Amino acid sequence: MVVSEQIATMENRGVFIGIQAGRITYEVQQGELTRDESEFLTRNRAEVTAFIQSRCGSHLPAAGENYPDRPDLVQTRVPSRPGWVRTECRRCGKFIGYHTSR
């Protein structure tokens, strides 16, 4: 099965696939990932990563702005920079930028 078709099938089943720190992550609304789905993600890691990143939209607003309660972004405090937050796209893993915490 083509990567895009398998991912569409998984998403229709309620599986969210994302990229964080270069690794494929997933969340399942109900149940769990099947063995076939898990093997598919492992076996096709490069193709899945490229597909997810290619269909991720624009990452606006620009970096440096505060992103309150945006479920499509991952925000983590930066231990080496107190008062700063690092923001990444939850879907494709792209670094968005740093901003001060408010």
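All of these numbers come straight from a predicted model, not from anything done at the bench.
Of all heavy-atom pairs spanning Glu37 and Arg13, the tightest one is OE1-NH2, 2.6 Å. Here the closest non-hydrogen pair linking Ile19 and Thr25 is N-OG1, 4.0 Å. Here the closest non-hydrogen pair linking Phe51 and Ser54 is O-OG, 2.8 Å.
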Should Glu39 and Thr42 be marked as a side chain to side chain contact (heavy atoms under 4.5 Å, CB included) after you check the CA-CA gap, both sets of side-chain angles, and the distance that decides it?
-> CA-CA 5 Å; Glu39 289 175 359; Thr42 302; 5.6 Å; no

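Here the CZ atom belonging to Arg91 is positioned 11.5 Å from the CD atom belonging to Gln20, to the nearest 0.5 angstrom. Atom CD of residue Glu47 and atom OG of residue Ser4 lie 12.0 Å apart, to the nearest 0.5 angstrom. For the atom pair CD1 (Ile52) and SG (Cys89), the distance works out to 10.0 Å, reported to the nearest 0.5 Å. How far OH of Tyr98 is from OG1 of Thr76: 8.0 Å, rounded to the nearest 0.5 Å.
When the side chain to side chain contact (heavy atoms under 4.5 Å, CB included) test is applied to Ser80, the partners found at least two apart in sequence or on another chain are Val78. Here Arg86 pairs with Glu88 under the salt bridge (charged side-chain N to carboxylate O under 4.0 Å, His left out) rule; sequence neighbours left out.
Annotation: cation-pi geometry not satisfied between Arg35 and Phe40 (NZ/CZ under 6.0 angstrom from ring centroid, within 45° of ring axis).
No more than 12 heavy atoms of other residues, nucleotides or ligands sit less than 6.0 Å from atom CZ of Arg45. Other residues, nucleotides and ligands contribute only 12 or fewer heavy atoms inside 6.0 Å of the OH atom of Tyr26. No more than 12 heavy atoms of other residues, nucleotides or ligands lie within 6.0 Å of CZ in Arg77, so this atom counts as exposed by the packing criterion. The number of heavy atoms from other shown groups lying within 6.0 Å of CZ (Arg43) is above 12.
No donor-acceptor pair under 3.5 Å is formed between the side chain of Glu27 and the backbone N or O of Phe16. When atom types are taken as modelled, the side chain of Ser38 and the backbone of Thr34 share no donor-acceptor pair closer than 3.5 angstrom.
Linking ILVMFWY side-chain heavy atoms closer than 4.5 Å, directly or via other members, places Val85 and Ile96 in two distinct hydrophobic clusters.
The side chain to side chain contact (heavy atoms under 4.5 Å, CB included) test with Val15 is passed by exactly one of Ile7, Thr9, Leu33: Leu33.
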